[in-house]
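For reference, the structure is listed below as structure tokens.
In each ligand, atom 1 is the first atom listed, and ligand 1 is the first ligand listed.
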Amino acid sequence: MRVGVLTGGGDCPGLNAVIRGIVRKGVQEYGYDFTGFRDGWRGPLEGDSIQLDIPAVRGILPRGGTILGSSRTNPLKVDNGIRRIKENLAKSEVDALIAIGGEDTLGVAATLSDDHGVPCVGVPKTIDNDLSATDYTFGFDTAVNIATEAIDRLHTTAESHMRVLVVEVMGRHAGWIAIHSGLAGGANVILIPEQPFDVDQVCAWVTSRFKASYAPIVVVSEGAKPKDGDMVLKDGSLDEFGHVRLSGVGEWLAKEIERRTGKEARTTVLGHVQRGGTPSAFDRWLATRFGLHAIDAVREGDFGKMVALRGTDIVRVPIAQATAQLKTVDPKLYNEVGVFFG
Ligand code: F6P
């Protein structure tokens, strides 16, 4: 049995831990061989692969990024993409494929598995934590820790200058990073994509914080948008899955706050810092367990499934079901943290 492995979409801390878990258990317990496809779906599409064996995964557990590389290549948008993938899998004698990725990568895996008979198992990944069917995705905990540390640091410099600091964090459709890091870091305003915000209300919270003689920290998801107006973007370019490149709302909001309150405001965009570097202990634990359970699914021939965390158990769910709907922040949860605004 030869198993192909690929990592697609934006990278995130813990990808290497998944690869290690898959290969260690697959080789040691089941005697499988592995092929690592390079750069997400580009690898099987172009037949670009590397050998994946135990020496190749030694020492990678704490390493950020992915030893396989990643891309946002969408084979469904490429001429004969599916046929080419099938031919290359046959050429490399790959019997099954494990795709580690978010909504887009797994969406392709679901199509390949359900409609084209390619045996695929999915592993959910994204720092945004917006995949339904799993309580958490790995990478999220690391990103929240990085954002929380940044907010802690920004509090002291904001206080020294008595100015507003706006912190833009990742979160395209869902405000999980913003709400978790904002609450953990004691932010005074948290703005998320699920709840369009009123700039006057934000300014009122900022002003009330200054009245209490403290400097406000505003945490904003890159996908958050003002109530009356469109999403603020620096650049309108799209990736192969049709997603627009985000970032810009933080800078726009700081300018609006300055204009409306007369208080000095600055922006920090955390960007890819949230995705880089070593995974937290929780993410290493979760990613490793996902890897071990993914290779078990292959062993049992349970294809078209994605491994998922439910409570403390790892379960399997149909990939198509897991990617059908995004997991967004419940308004009740947002209201719960609202007590700290202002
Ligand atoms: O999908 C995860 C994510 O981190 C989004 O929050 C963000 O918009 C996107 O990746 C940015 O990725 P890149 O800069 O690699 O296109």
**Pair Arg172 + Glu103, salt bridge at N-O below 4.0 Å** = no
**Asked** After noting the C-alpha distance and the side-chain angles of Tyr30 and Asp296, does the key distance pass the side chain to side chain donor-acceptor pair (under 3.5 Å) rule?
**Response** CA-CA 9 Å; Tyr30 305 138; Asp296 282 349; 2.4 Å; yes
**Message:** What verdict does the side-chain contact (heavy atoms from CB on, under 4.5 Å) test give for Asp128 and Ile177, after you've listed the backbone C-alpha separation in whole Å, the side-chain angles of each residue and the deciding distance to 0.1 Å?
**Reply:** CA-CA 6 Å; Asp128 292 356; Ile177 297 178; 4.1 Å; yes
**Any Thr157 side-chain heavy atom under 4.5 Å of Leu165 side chain** = yes
**Request:** Would you check whether Glu222 has a nitrogen or oxygen atom less than 3.5 angstrom from a nitrogen or oxygen atom of ligand 1?
**Result:** yes
**Message:** List ligand 1 atoms under 4.0 Å from Arg172, heavy atoms only on the residue side.
**Reply:** 6 (O), 8 (O)
**Prompt:** Is any NZ, NE, NH1 or NH2 atom of the basic residue among Arg275 and Asp11 found under 4.0 Å from an Asp or Glu carboxylate oxygen of the other?
**Reply:** yes
**Request:** Could you check atom 4 (O) of ligand 1 against the protein and tell me its nearest heavy-atom contact, residue, atom and distance included?
**Result:** Met170 SD, 3.0 Å
**Request:** Examine ligand 1 and decide if any of its atoms is less than 4.0 Å from a heavy atom belonging to Gly102.
**Result:** no
**Request:** Look at atom 14 (O) of ligand 1 and say which protein heavy atom is nearest, naming residue and atom and giving the distance to 0.1 Å.
**Result:** His272 NE2, 2.7 Å
**Prompt:** Does the side chain of Thr278 pick up a donor-acceptor pair with the side chain of Arg284 at under 3.5 Å?
**Reply:** yes
**Item:** Where ligand 1 meets Gly171 - atom numbers and elements under 4.0 angstrom, heavy-atom basis
**Value:** 6 (O)
**Prompt:** Is the His180 to Phe140 ring centre distance short of 6.0 Å?
**Reply:** yes
**Item:** The one among Asp128, Asn129, Val169 that brings a heavy atom closest to atom 2 (C) of ligand 1
**Value:** Asp128
**Request:** Among all protein heavy atoms, pick the one closest to atom 15 (O) of ligand 1 and tell me residue, atom and distance.
**Result:** Arg275 NH2, 2.9 Å
**Message:** Just to be sure I read this right, does ligand 1 sit under 4.0 Å from the backbone of Arg72, its side chain, both, or neither, counting only heavy atoms?
**Reply:** side chain
